[in-house]
Amino acid sequence: QVHFVESGGGLVQPGGSLRLSCEASGFNLETYSLGWFRQAPGKEREGVALFGYYSESTFYDDSVKGRFAMSRDNAKNMVFLQLNNVIPEDTAVYYCAAKRGLAVWRQNEYEYWGQGTQVTVSS
């Protein structure tokens with residue numbers, strides 16, 4: 001059975017850091033392109049970061065560029081999102097996602113999704 005389980009969300013102060021994790025089972029992340037998406041209250045879900053299967057490169061939305069870092073641990077079959085220097089606008093439910101082939105920002109291309117983990121940036 002396929003599972004994609006998220007953890008690491010929580011309350012963090014502005015300027016602080018947090019690391020989100022997604023652990024996959026039933027499929028191998030090494031053969032997938034990966035994405036992180038987030039949805040703030042009252043807003044549409046948006047792309048945050050991508051990791052390309054072919055390029056093994058990361059791509060970031062301008063809103064998080066220079067502050068967030070996405071990475072993959074093949075041995076653990078996990079993908080991470082490191083959130084640094086967070087701001088209140090980062091408050092959202094964050095989702096990991098995976099798809100075969102090229103990494104894209106188009107959300108409905110992704111086959112597997114984590115359950116979501118809440119990140120709240122507040123003093």
Side-chain angles (χ1 to χ4, degrees):
Q1 187 78 334
V2 170
H3 295 283
F4 208 7
V5 179
E6 297 188 40
S7 62
L11 178 65
V12 60
Q13 294 183 225
S17 297
L18 201 66
R19 189 171 82 154
L20 309 182
S21 302
C22 279
E23 183 173 8
S25 59
F27 69 106
N28 185 359
L29 292 184
E30 190 173 3
T31 64
Y32 284 75
S33 288
L34 306 170
W36 282 96
F37 301 85
R38 67 184 181 186
Q39 187 167 26
K43 299 182 69 176
E44 295 184 353
R45 190 162 60 189
E46 63 181 0
V48 175
L50 303 178
F51 184 95
Y53 164 69
Y54 296 106
S55 65
E56 296 189 299
S57 297
T58 51
F59 308 89
Y60 299 96
D61 183 77
D62 287 343
S63 66
V64 306
K65 192 174 297 181
R67 300 188 299 114
F68 290 10
M70 185 176 181
S71 61
R72 183 188 67 190
D73 187 327
N74 294 334
K76 296 180 179 179
N77 208 24
M78 296 180 69
V79 61
F80 306 94
L81 184 68
Q82 178 70 40
L83 287 67
N84 297 318
N85 192 212
V86 296
I87 59 176
E89 289 76 14
D90 294 325
T91 296
V93 177
Y94 284 72
Y95 299 88
C96 53
K99 70 180 293 293
R100 301 175 189 272
L102 291 168
V104 296
W105 294 107
R106 189 165 180 260
Q107 295 179 39
N108 67 3
E109 294 282 344
Y110 286 80
E111 183 177 2
Y112 301 123
W113 288 84
Q115 82 278 11
T117 186
Q118 174 73 231
V119 172
T120 302
V121 181
S122 177
S123 298

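Values in this document were obtained by computation on a predicted structure and should not be read as measured data.
Under the 3.5 Å distance criterion, the side-chain polar atoms of Ser33 are matched with a main-chain donor or acceptor of Gly101. Under the 3.5 Å distance criterion, the side-chain polar atoms of Thr117 are left unmatched by any main-chain donor or acceptor of Ser7. Glu6 places no side-chain N or O within donor-acceptor distance of the main-chain N or O of Leu20, the cut-off being under 3.5 Å. With hydrogens and angles ignored, the 3.5 Å screen pairs a side-chain donor or acceptor of Tyr110 with a backbone N or O of Val104. Side-chain atoms of Asn77 come within 3.5 Å of backbone N or O of Leu29 as a donor-acceptor pair.
Contact between Gly47 and Phe37 at its shortest, heavy atoms only, is CA-CD2, 3.3 Å. Closest heavy-atom contact between Pro41 and Thr91: CD-O, 4.4 Å.
With hydrogens and angles left out, the side-chain atoms of Arg38 and Tyr95 include no donor and acceptor closer than 3.5 Å.
In this view, Phe80 satisfies the ring pair (Phe, Tyr, Trp, His ring centres under 6.0 Å) rule with no residue, not counting sequence neighbours. Residues forming a side chain to side chain donor-acceptor pair (under 3.5 Å) with Gln13 (at least two apart in sequence, or on another chain): none.
Pairs passing the disulfide (SG to SG under 2.5 Å) check and including a residue from residues 58-123, sequence neighbours excluded, read Cys22-Cys96.
None of Arg72, Lys99, Arg100 except one satisfies the side chain to side chain donor-acceptor pair (under 3.5 Å) rule with Tyr32; the exception is Arg100.
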